[in-house]
Number of protein chains: 2
Amino acid sequence: MARLVAERADILPILAELFREHGYEGASLSLISERTGLGKGSLYHFFPGGKEEMAAAVLEEIDGWFERRIFAPLRNSTDAAQSIAETLDAVEVYFAQGRRICLVSAFALDHTRDRFTAAIRDYFIAWRDALAAALQRLGHAPAISTDLAEDVLGAIQGGLVLARAIGDPSAFQRAVARSKYLLAMPGPSEPRCTVE
Amino acid sequence: MARLVAERADILPILAELFREHGYEGASLSLISERTGLGKGSLYHFFPGGKEEMAAAVLEEIDGWFERRIFAPLRNSTDAAQSIAETLDAVEVYFAQGRRICLVSAFALDHTRDRFTAAIRDYFIAWRDALAAALQRLGHAPAISTDLAEDVLGAIQGGLVLARAIGDPSAFQRAVARSKYLLAMPGPSEPRCTVE
DNA sequence: GTCTATAAAGCGATAGAC
DNA sequence: GTCTATCGCTTTATAGAC
């Protein structure tokens, strides 16, 4: 039986966009109240812990989305190459081809990091290790796989930063394209643009 | 004749560290007053425009440092390969081997970006174009040079994000090492980890 | 479950004495 | 040039009516 009124889950995407646009400090309760259409009383009903609980819930939802759509496929798919290509496509769509920033990165650079240290760290480590697992199934050595995965994660995050900074989403798109090319090298004996 | 009291220039490094630690919003005037040892009256004497002028002055100082130590050598040195290697070393030191974030990136991801759009964009474009100019002197084609420079910038910024996020500065150090390796390829005919 | 009113604290910024 | 006191505003959070 569908409810007409907002549920807690319905609020999360709005909160996520507000934190993306304005940052943790900048997303004030009055702004949140305005954009969700809920009074402060209702907001504190759904999130008794206030803004910190809202941000934690958003981070948890983001982590859940990546776990289902990115991390699990990378870890478990039978076709590692295909899962790598598909998840890179999904990432490109998720970040709106470079027009949407990574909230976890934004929190990491902000002093907001101190509030959510574990969630931020776990997100990137899960991503790196899932990608490294797929690369190992492609035949790469464990150490090389982790290094390569970290390289790609950095390129993606750096691409998002540059895209936002210079106002050109194509900087992110090129970073993803380069990552696809880099990861398309199938074997462990191929030359790599990295050092030990 | 050396002055004993603080000059405006002496305040800027303290402001920079405060903005790095706490972000633009988080660095309150009372915190700034405490860390600089100056009352609000003195702060407004040096920066009549308040906190926005303080942040603008910090960004200008950062840009000046990079212009002198990174951009100009990349553009003008006779030995392009040497200037690339030396400026990468300088960048590694500047960011304290991954323990110090890039304030320009942090502002870019925050909604603080809207206040300093031009300064943020110009910083990254100047860096990219200076590095691309050095790569052209190494024999790379213009389009490849810009793409390669953007690649390296993204790797550096992504490395800083990852280092801060996972609490491991070596993620940044590896990104710089990979960039050195990538840029050490001298000629335009060498294989590249990128796509057009 | 939603609202308004309000509390308590912190904010950026200003005024004016010294 | 530096200080303290204070203004006006916004913030998060709570209380209590409905």
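Reminder, nothing fancy here: chain letters follow the sequence lines and each chain counts from 1. Below, each value reflects all heavy atoms present in this structure, side chains not excepted, and no hydrogens, waters or symmetry copies. Note that the structure is predicted; figures quoted are calculated from it, not measured.
The side chain of A/His45 has C/dG1 as its nearest neighbour among C/dG1, D/dT2, C/dG12. When each of D/dC3, D/dT11, C/dC3 is scored by its nearest atom to the side-chain atoms of A/Ser30, the top-ranked nucleotide is D/dT11.
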Nucleotide-resolved protein contact map, nucleotides 13-18 of chain C, B/S/- at heavy-atom distance under 4.0 Å: BB----
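Side chain of A/Arg128 to backbone of A/Ala149: no donor-acceptor contact under 3.5 angstrom is found.
Separating the OH atom of B/Tyr24 from the C1' atom of C/dC11 is a distance of 12 Å, rounded to the nearest angstrom. As rounded to whole Å, 17 Å separates atom C1' of D/dC3 from atom CD of B/Glu34. Going from atom CG of B/Asp10 over to atom C1' of D/dG1 covers 15 Å, rounded to whole Å. B/Glu25 places its CD atom 19 Å from the P atom of D/dC9, with the value rounded to the nearest Å. One can place CZ of B/Phe46 at 7 Å from C1' of D/dG1, the figure rounded to the nearest angstrom. If you take CG of A/Leu38 and C1' of C/dT4, they are 15 Å apart, rounded to a whole angstrom.
How far CD1 of B/Ile156 is from CG of B/Leu88: 5.5 Å, rounded to the nearest 0.5 Å. Once rounded to the nearest 0.5 Å, the distance linking CD of B/Glu67 with CG of B/Leu74 reads 10.0 Å.
Considering only side-chain N and O atoms, A/Ser42 lies nowhere under 4.0 angstrom from the phosphate OP1 or OP2 of C/dG1. Within the structure, a side-chain polar atom (N or O) of B/Ser28 is placed less than 4.0 Å from OP1 or OP2 of C/dC11.
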Show me the side-chain donor-acceptor pairs of residues 58-65 of chain A shorter than 3.5 Å, one per line, residues at least two apart or across chains.
none

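For B/Ser30, the side chain to side chain donor-acceptor pair (under 3.5 Å) partners two or more places apart in sequence, or in a different chain, are B/Ser28.
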Stepwise salt bridge (charged side-chain N to carboxylate O under 4.0 Å, His left out) check, A/Asp147 with B/Arg178: CA-CA 10 Å; A/Asp147 194 45; B/Arg178 281 191 291 261; 2.9 Å; yes
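Contacts between residues 108-119 of chain B and DNA chain D, counted as heavy-atom distances below 4.0 Å, involve no residue at all.
The list of salt bridge (charged side-chain N to carboxylate O under 4.0 Å, His left out) pairs with a residue in residues 11-34 of chain A, not counting sequence neighbours, reads A/Glu17-A/Arg20, A/Glu17-A/Arg100, A/Glu21-A/Arg35. Legend: salt bridge (charged side-chain N to carboxylate O under 4.0 Å, His left out) pairs involving residues 86-99 of chain A, not counting sequence neighbours, sorted by first then second residue: A/Asp89-A/Lys180, A/Glu92-A/Lys180.
The aromatic rings of A/Tyr123 and A/Trp127 sit perpendicular to each other, their planes meeting at more than 60°, with 30° as the lower class boundary.
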